[in-house]
Chemist: 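The structure is given below, and queries will be raised subsequently.
Proteins come first, then strands; the chains are lettered A, B, ... in the order of their sequence lines, and each starts at number 1.
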Amino acid sequence: MMMEPFEIVSGIAAPMLDANIDTDVIMPKQFLMGVDRKGLDRGVFFDQRFVADGQPNPDFVLNEPRYTDCKFLLTGPNFGCGSSREHAVWGLKQLGIRALIGTSFAGIFFDNCMRNGVLAAIVAEQDLKDLAGIVAENPGKPTTVNLQEQRISISGQIDLSFEIDELRKQTLMTGLDPIGATLQHRQEIVDFEQKHLQANPWLAD
Amino acid sequence: MKPRTLPRTLYDKIIDSHTVKTLDDDGHVLLYIDRHIINEYTSPQAFSGLRDQNREVWRPATTLAVVDHVNSTEPERVNFSPDESGANQMKYLAENCEKYGIELFDLLDKRQGIEHVVAPEQGLVLPGMVIAAGDSHTTTYGALGAFGFGIGTSEIEHLLATQTLVYKRLKTMRVSINGALGFGVTSKDLIMAVIQMIGSSGATGFVMEFTGSTISSLSVEARMTICNMAVEAGARGAYMAPDDKVFDYLQGKPRAPEGPLWAKAVEAWRELKSDNDAQFDMQVDLDASTIEPMVSWGISPDQSSGISGVVPSAEQLATYHEKTAIEKAQKYMDLSAGTRFADITITHAFIGSCTNSRIEDLRQVAEVLKGRHVAKGVRAILVPGSSLVRQQAEEEGLADIFTAAGFEWRQSGCSLCLAMNDDVLRPGERCASSTNRNFEGRQGAGARTHLMSPAMVAAAAVTGHLTDVRKLVRGE
Ligand code: SF4
């Protein structure tokens, strides 16, 4: 399946800097019951975003008018830890989030992001602090993320670099289907499998 | 990537032997996967992807499907989910297994259970294998000397279609645990102590190799608890070199090799260990004799302490993140600094989950519950890890002890570990739990979870508050 390619994206960034925000919190269990990916935007941070009667919780950061249309989240350490549920990333994407900018991400979540065209950009701790400070002081001012150049900037105020390995970068930039790419190596997989099962005959079907 | 020369870690050896192709200089390989376990809630969209693209499943016989997350665990087994959408997921899983020729343990199958309990129990997890599953606790399989790791739904689809994953090599951490475990201290306490020590992202980007005399002394089931929870320290995999205990555990299991093939396999498995002078990127040491039974007090698995302690105060901590995390946790858990753990009263006790619901866990629970009764005002629930564990516990007379003590004796499933079925706590309820995650809302929105060993849960259930099981059993 093609993903939406990521090149240069500009938009509002919102701070969610607490440590260890887990995927149970990002996408609570009641939204895991489907067989498709529909309607998950409503589930994102559901227990914090909405109060008991389903109205938006005014105290939740993404409900502040300045952040309601955000495209980026500035995230605290170990964002996305816990359950493997890809629903968390599908929901964030459906909510319009294109990139997460943080110091570290949990492993499965990190991979899930890439597989859905969501950039998880790793920045230095001080850079994240600086960026969060500038975002807080400049409501409405867009942040620009340039994947090719690996830069995050707010015009005239900050311009910093982020880390990403080349394979992830290319996958995000092209949006090409990774299964199709792997199946180009079909013959190599067949050959490997044959040798592997011969060497370990107890693994054969 | 620099060419890997001897000496190598066991992890390196397993990855090397499953590498179809090196993809770049960054550590990415196309990794061949020997076994794949799927469940009803993370697989549907993967199958839809296959159907949309008209793709086939590469090697259906390597995949096992189990229903475990959405089903009811009511004492009478029924083949439906308490919830319409859960029923729909079960139905879609059955349809997909039928269409693609994948074996399914449905609710009425006597081998049904939590995927990570079922797969080892059936002998589907063998030393040296690479196993992936759409569930983070796939790390459990490392206890048998296999390399297991969790994947998302897109990767389930990739694996079904290609038998491979695009994989990036992890850094390696060796955790050496030596010394004798004290009375009443279990492998759950060990892994909780490790997580507390290195933090919930301490092993992010790493695979953990557990080694040392304490690990060797543990049973295979106790080792599974350790590998299972390694993911709560951020590890994407955790393993132990397989030994005779592992081979004994596997011999005669339904799917384990037999006869000459068994002998040949064991011969190969004996080679599965890190070379003596293999280099690890990080080393952690722990003296097991210093560990006491652990309990969690916060909303992240690293927010825990020995039972004799108190809820810590934010002032003691250095960094901004640590302070805010503590304050947030105390608020959610409704606990204040300095509260003694023994003064925390509970409304619920839950024993279950892929961390602690195997037969040895249940035997330990029965030891504590024998001749005792659940405290007034506590609802106590025991959900065995598989239908076969349930059967065995009944045959051994354990189930009678549980019910006599006032525990609900349930059918198998994930149940209150993540509360995706009808077992859900209400806001403000507080549960002593043998599970693996104390996240906000994990057992129900607003519910509070204290992680601990199964024996510690049993002790809390009978006293009504967090309790040092050692004192209870010794009558102190
Ligand atoms: S028991 Fe809990 S942790 Fe284990 S697979 Fe089920 S929900 Fe996940």
Chemist: Which answer fits B:T164, side chain, backbone, both or neither, if we ask what part of it has an atom under 4.5 Å from a heavy atom of chain A?
Modeler: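 The side chain, not the backbone.
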Chemist: What I want to check is whether the side chains of A:E86 and A:W90 have a donor and an acceptor closer together than 3.5 Å.
Modeler: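 There is such a pair between these side chains.
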Chemist: Mind ranking B:L165, B:T324, B:T42, B:D135 by heavy-atom pairs under 4.5 Å with chain A and telling me who comes out on top?
Modeler: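 Highest number of heavy-atom pairs under 4.5 Å: B:D135.
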Chemist: Heavy-atom cut-off 4.5 Å, strictly under: side chain, backbone, both or neither for A:F105 against chain B?
Modeler: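 A:F105 touches chain B through backbone heavy atoms alone.
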Chemist: If every non-hydrogen atom of A:K141 is compared with every non-hydrogen atom of A:Q157, which pair is closest and at what distance?
Modeler: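 Residues A:K141 and A:Q157, closest heavy atoms: NZ-OE1, 3.2 Å.
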Chemist: Given that the side chain runs from C-beta out, which part of B:T19 has a heavy atom under 4.5 Å from chain A: side chain, backbone, both or neither?
Modeler: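 For B:T19, the contact with chain A is made by the backbone alone.
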Chemist: So, A:D22 and B:R442, do they make that salt bridge, N to O below 4.0 Å?
Modeler: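 No.
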Chemist: Using a strict cut-off of less than 4.0 Å between a Lys/Arg side-chain nitrogen and an Asp/Glu carboxylate oxygen, indicate whether A:D24 and A:R85 qualify as a salt bridge.
Modeler: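 Salt bridge: yes.
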Chemist: Can you tell which part of B:V20 gets under 4.5 Å to a heavy atom of chain A, answering side chain, backbone, both or neither?
Modeler: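 Interface part for B:V20: both.
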Chemist: Check each atom of B:R59 against the heavy atoms of chain A and say whether the ones under 4.5 Å are side chain, backbone, both or neither.
Modeler: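 Interface part for B:R59: side chain.
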Chemist: So which pairs with a foot in residues 126-135 of chain A pass side chain to side chain donor-acceptor pair (under 3.5 Å), sequence neighbours left out?
Modeler: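 Counting only pairs at least two positions apart or across chains, the side chain to side chain donor-acceptor pair (under 3.5 Å) contacts touching residues 126-135 of chain A are A:Q126-A:D130.
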Chemist: Using non-hydrogen atoms and a 4.5 Å limit, figure out which bit of B:A325 sits close to chain A: side chain, backbone, both or neither.
Modeler: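 B:A325 has no heavy atom closer than 4.5 Å to chain A.
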Chemist: Most heavy-atom pairs under 4.5 angstrom with chain A, which of B:E440, B:K21, B:H69, B:E84?
Modeler: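 Heavy-atom pair counts peak at B:K21.
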Chemist: Counting only heavy atoms closer than 4.5 Å, note whether B:S48 contacts chain A via side chain, backbone, both or neither.
Modeler: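 Just its side chain gets close to chain A.
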Chemist: For each of B:A133, B:P60, B:S200, B:G86, tally heavy-atom pairs with chain A at distances under 4.5 Å, and name the one with the top tally.
Modeler: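 Winner by heavy-atom pair count: B:S200.
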Chemist: Going by an N to O cut-off under 4.0 Å, is there a salt bridge joining B:E103 and B:R255?
Modeler: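 Salt bridge: yes.
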Chemist: What part of A:V35 gets within 4.5 angstrom of chain B, counting heavy atoms only: side chain, backbone, both, or neither?
Modeler: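 A:V35 touches chain B through backbone and side-chain heavy atoms alike.
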Chemist: Going through the distances and angles, do B:F47 and B:Y92 end up as a ring pair (Phe, Tyr, Trp, His ring centres under 6.0 Å)?
Modeler: CA-CA 9 Å; B:F47 282 111; B:Y92 194 47; 7.1 Å; no
Chemist: Do NZ/NE/NH1/NH2 and the carboxylate oxygens of B:R55 and A:D177 come within less than 4.0 Å?
Modeler: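 Looking at A:D177 together with B:R55, the answer is yes, because their closest N to O distance falls below 4.0 Å.
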Chemist: Do B:Y167 and B:F149 pass the ring pair (Phe, Tyr, Trp, His ring centres under 6.0 Å) test, and can you show the C-alpha distance, the side-chain angles, and the key distance before you say yes or no?
Modeler: CA-CA 11 Å; B:Y167 180 81; B:F149 61 102; 5.2 Å; yes
Chemist: Of the backbone (N, CA, C, O) and the side chain (C-beta and beyond), which part of B:L23 lies under 4.5 Å from a heavy atom of chain A, both, or neither?
Modeler: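 When you check distances to chain A, only side chain atoms of B:L23 fall under 4.5 Å.
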Chemist: Under 4.5 Å from any heavy atom of chain B, what part of A:N116 do you find: side chain, backbone, both or neither?
Modeler: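 When you check distances to chain B, only side chain atoms of A:N116 fall under 4.5 Å.
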Chemist: For A:Q48, which atoms come within 4.5 Å of any heavy atom of chain B: side chain, backbone, both, or neither?
Modeler: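 Contact with chain B involves the side chain of A:Q48 alone.
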Chemist: Report which part of B:T204 has an atom under 4.5 Å of a heavy atom belonging to chain A: side chain, backbone, both, or neither.
Modeler: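 Only the side chain of B:T204 comes within 4.5 Å of chain A.
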Chemist: Where does B:S154 contact chain A at under 4.5 Å (heavy atoms): side chain, backbone, both or neither?
Modeler: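 Both backbone and side chain.
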Chemist: Under a 4.5 Å cutoff for heavy-atom pairs, which residue among B:V70, B:L159, B:I156, B:T162 has the most contacts with chain A?
Modeler: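 Of B:V70, B:L159, B:I156, B:T162, B:T162 has the most heavy-atom pairs under 4.5 Å with chain A.
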Chemist: Relative to chain B, which of A:C81, A:G82, A:P77 shows the most heavy atom pairs under 4.5 Å?
Modeler: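 Option with the greatest count: A:G82.
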Chemist: Sort A:S83 into side chain, backbone, both or neither according to what part of it lies under 4.5 angstrom from a heavy atom of chain B.
Modeler: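 Interface part for A:S83: both.
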Chemist: Considering only heavy atoms and a distance below 4.5 Å, find which of B:G128, B:A445, B:S85 pairs most often with chain A.
Modeler: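 Looking at each of B:G128, B:A445, B:S85 in turn, B:S85 comes out on top.
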Chemist: Take the angle between the ring planes of B:W269 and B:W262 and call it parallel below 30°, perpendicular above 60°, tilted in between.
Modeler: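 Perpendicular.
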Chemist: Between B:Q163 and B:T62, do the side chains contain a donor N or O and an acceptor N or O under 3.5 Å apart?
Modeler: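 On atom types as modelled, these side chains qualify, holding a pair under 3.5 Å.
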Chemist: Heavy-atom distance under 4.5 Å to chain A: side chain of B:L126, backbone, both or neither?
Modeler: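 Only the side chain of B:L126 comes within 4.5 Å of chain A.
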Chemist: So, A:Q94 and A:K38: side-chain donor and acceptor under 3.5 Å apart, yes or no?
Modeler: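 No, no side-chain donor-acceptor pair sits under 3.5 Å.
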Chemist: Please flag which part of B:A419 lies under 4.5 Å from any non-hydrogen atom of chain A: side chain, backbone, both or neither.
Modeler: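 It is both, since atoms from each part get that close.
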Chemist: Please classify the contact of A:A204 with chain B as side chain, backbone, both or neither, using a heavy-atom distance under 4.5 Å.
Modeler: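 Only the backbone of A:A204 comes within 4.5 Å of chain B.
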Chemist: Given that the side chain runs from C-beta out, which part of A:P201 has a heavy atom under 4.5 Å from chain B: side chain, backbone, both or neither?
Modeler: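 Both backbone and side chain of A:P201 come within 4.5 Å of chain B.
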Chemist: Excluding sequence neighbours, so at least two apart, what forms side chain to side chain contact (heavy atoms under 4.5 Å, CB included) with B:D34?
Modeler: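 Per chain and number, B:D34 pairs via side chain to side chain contact (heavy atoms under 4.5 Å, CB included) with A:H196, A:L203, B:H18, B:Y32, B:M129, B:V130.
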Chemist: At a heavy-atom separation under 4.5 Å, does A:D165 approach chain B through its side chain, its backbone, both, or neither?
Modeler: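 Contact with chain B involves both backbone and side-chain atoms of A:D165.
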Chemist: Could you look at B:L30 and say if it's the side chain, the backbone, both or neither that has a heavy atom under 4.5 Å from chain A?
Modeler: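 When you check distances to chain A, only side chain atoms of B:L30 fall under 4.5 Å.
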Chemist: With no hydrogens and no angle check, do the side chains of A:E193 and B:W58 hold a donor and an acceptor under 3.5 Å apart?
Modeler: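 There is such a pair (donor and acceptor under 3.5 Å, judged by atom type) between the side chains of A:E193 and B:W58.
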Chemist: Counting heavy-atom pairs closer than 4.5 Å to chain A, which one of B:I299, B:D302, B:N436, B:I151 comes out on top?
Modeler: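 Looking at each option in turn, the highest pair count goes to B:I151.
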